[in-house]
Amino acid sequence: MATNFGVMDSAYFVGRSEILSWINSTLHLNLSKVEEACSGAVHCQLMDAVHPGMVPMHKVNFDAKSEYEMIQNYKVLQDVFNKLKVTKHIEVNKLIKGRPLDNLEFMQWMKRYCDSVNGGQMNSYNALERREACKGGKELSKKSAAPSQPSTKSSAPKQATHNGRRTDAAHANNTSNQSVKAVRPSSSGGRSGSGYPEAERSIFEQQITELKLSIDSLEKERDFYFAKLRDVEILCQTPGIEKSPVVEAIQRILYAAEDDSSVVVEAQAMISEQQQQQQEVELLAVSSDEGKQKSDSQKRKSIINVDVDAAASNTLSPRQRLSEVSDVHCSGSPLVTY
């Protein structure tokens with residue numbers, strides 16, 4: 001089973017709302033932000049849901065507030081990963097800080113992994129019962145179930161007032177006028193300390209969270225490309241290739257002060273000029289080699305002629321040699337005595 005998914009995998013394109021609905025429906029929770037799961041307890045229970053009995057739930061702390069308590073939860077999660085031979089690296093130092101982007105990426109990976117195990121089927125899992133063994137599990141289950149109760153109770157008064165309006169029209173008019181008067185103070189009194197209603201405040205908080213996510217994504221992308229440029233710079237400083245024209249052209253682009261397209265043109269001109277010089281040197285080398293070959297052939301011819309003459313003199317007969325000696329005597333050589 002593959003546990004490492006690439007950055008371009010479809011798992012990392014799952015939205016925050018889909019992740020939250022998946023967590024809340026699977027574990028019967030009421031999370032409103034992904035970073036609320038930064039303690040690691042939610043991750044442990046998700047692993048318990050796909051691998052029942054593998055996670056020691058009595059060691060999981062849903063009431064973890066300090067970083068030390070959160071680290072203990074991630075130790076439990078790491079032990080489960082080791083047992084299952086899952087090679088996913090857990091960046092605990094980033095997750096416990098509660099940063100939205102880091103927690104979202106890790107939760108996206110968790111969803112991808114859980115969906116790959118048995119097709120993501122966890123219908124028979126009793127999240128509430130399993131969470132009772134955890135520290136703070138019962139309190140969390142009560143808090144998660146609390147928001148659903150007032151909605152059922154509030155339906156009865158609405159129905160009663162609706163029936164009352166049908167029976168007495170005059171009384172309905174009076175009550176409607178009173179309700180209008182009561183709504184005006186409540187709208188102003190419902191403002192929070194910051195001066196905004198709860199609905200607008202929640203919208204602003206959601207926008208702030210989205211902006212934080214985009215900023216974190218941009219910072220991560222910036223650090224990625226900066227690291228790549230730094231690696232290229234270190235490679236260009238390698239002794240032996242530091243003075244090569246290609247490296248100098250790359251450095252010209254790296255160290256350009258402004259984003260100017262002429263820098264790329266200058267770098268290309270440097271490389272083409274060096275290529276022309278290299279071609280001229282190669283032509284000179286070829287011509288010099290041809291001259292050396294001609295001189296060597298001439299030397300070989302002269303040596304061959306000398307050898308031929310020497311061989312011819314050695315092959316003369318005795319009569320030819322005596323005739324040559326007589327020719328010397330007849331020529332009046334001073335060496336001859338009469």
Side-chain angles (χ1 to χ4, degrees), residues 1-16 87-91 93-95 97 99-106 108-109 112 210-313:
M1 181 188 301
T3 57
N4 290 326
F5 313 111
V7 178
M8 299 305 295
D9 191 90
S10 60
Y12 295 104
F13 292 93
V14 180
R16 182 173 60 90
T87 58
K88 173 65 176 175
H89 175 65
I90 306 174
E91 296 181 348
N93 293 329
K94 292 183 178 180
L95 295 174
K97 299 297 182 183
R99 298 180 63 181
L101 182 61
D102 295 326
N103 282 273
L104 177 61
E105 288 183 355
F106 190 66
Q108 286 171 339
W109 179 91
R112 178 72 169 81
E210 292 176 355
L211 290 174
K212 287 181 179 179
L213 289 172
S214 63
I215 291 171
D216 291 340
S217 178
L218 291 174
E219 289 179 351
K220 188 175 181 180
E221 186 177 1
R222 179 201 62 188
D223 295 339
F224 173 78
Y225 287 111
F226 179 80
K228 293 295 182 184
L229 292 174
R230 178 56 181 162
D231 294 338
V232 172
E233 183 182 19
I234 294 172
L235 180 63
C236 291
Q237 295 173 355
T238 304
I241 64 171
E242 186 177 4
K243 300 298 182 181
S244 64
V246 177
V247 172
E248 290 180 354
I250 293 173
Q251 289 177 344
R252 175 71 65 87
I253 297 173
L254 286 176
Y255 300 144
E258 297 179 357
D259 188 9
D260 190 2
S261 59
S262 62
V263 177
V264 179
V265 176
E266 292 176 359
Q268 291 175 348
M270 291 172 59
I271 296 174
S272 61
E273 182 180 356
Q274 180 64 26
Q275 289 177 350
Q276 291 177 359
Q277 292 178 359
Q278 188 175 0
Q279 289 177 357
E280 291 176 357
V281 171
E282 290 177 354
L283 290 174
L284 291 174
V286 170
S287 61
S288 62
D289 291 338
E290 291 178 354
K292 288 181 180 179
Q293 290 177 359
K294 289 181 180 179
S295 61
D296 291 340
S297 63
Q298 290 177 357
K299 288 180 180 180
R300 289 175 182 175
K301 287 180 180 180
S302 62
I303 292 171
I304 291 171
N305 293 331
V306 172
D307 293 338
V308 169
D309 294 337
S313 63

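Residues: numbered from 1 along the sequence shown. Computed from a predicted model, the values in this text were never measured in an experiment.
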Student: What heavy-atom pair brings A249 and M270 nearest, and what distance separates the two atoms?
Tutor: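 So the two residues come closest at N-CE, 4.1 Å.
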Student: If I take atom CD from residue Q278 and atom CD from residue Q276, how far apart are they, to the nearest 0.5 angstrom?
Tutor: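 With rounding to 0.5 Å, CD (Q278) is 11.5 Å from CD (Q276).
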Student: Can you tell me how far CG of L213 sits from CG of N103, rounded to the nearest 0.5 angstrom?
Tutor: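 So the CG of N103 and the CG of L213 are separated by 10.5 Å.
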Student: Measuring only between side-chain heavy atoms, which start at C-beta, is E248 closer than 4.5 Å to R252?
Tutor: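 A side-chain contact is absent here, since even the closest heavy-atom pair is not under 4.5 Å.
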Student: Applying side chain to side chain contact (heavy atoms under 4.5 Å, CB included), run through E233 and R230 and close with a yes or a no.
Tutor: CA-CA 5 Å; E233 183 182 19; R230 178 56 181 162; 2.9 Å; yes
Student: Rounded to the nearest 0.5 Å, what separation is found between the CD atom of E282 and the CD atom of Q275?
Tutor: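 Going from CD on E282 over to CD on Q275, the span is 10.5 Å.
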Student: Taking all non-hydrogen atoms of both residues into account, name the closest pair between S244 and I241 and its distance.
Tutor: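 Of all heavy-atom pairs spanning S244 and I241, the closest is OG-O, 2.8 Å.
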Student: Identify, with sequence neighbours excluded, every residue that meets side-chain hydrogen bond (donor to acceptor under 3.5 Å, both in side chains) alongside K94.
Tutor: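 Residues passing side-chain hydrogen bond (donor to acceptor under 3.5 Å, both in side chains) with K94: none at all.
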Student: Check whether any side-chain heavy atom of I250 sits under 4.5 Å from a side-chain heavy atom of V246, and report yes or no.
Tutor: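 Touching, per the 4.5 Å side-chain cut-off.
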Student: Please determine whether a side-chain nitrogen of the Lys or Arg among E219 and R222 lies less than 4.0 Å from a carboxylate oxygen of the Asp or Glu.
Tutor: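 Judged by the 4.0 Å cut-off on N to carboxylate O distance, E219 and R222 do not form a salt bridge.
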Student: Answer yes or no: is there an ion pair linking K97 with D102, defined by an N-O contact shorter than 4.0 Å?
Tutor: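 Salt bridge absent between K97 and D102.
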Student: Between NZ of K212 and CG of D216, what distance do you get to the nearest 0.5 Å?
Tutor: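 Rounded to the nearest 0.5 Å, the NZ-CG separation comes out at 9.0 Å.
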Student: Could you grab the distance from atom CD1 of I234 to atom CG of L229, nearest 0.5 Å is fine?
Tutor: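 I234 atom CD1 to L229 atom CG measures 11.5 Å (nearest 0.5 Å).
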Student: Any ion pair linking K220 and E105 (charged N to carboxylate O, less than 4.0 Å)?
Tutor: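 Answer for the salt bridge query: yes.
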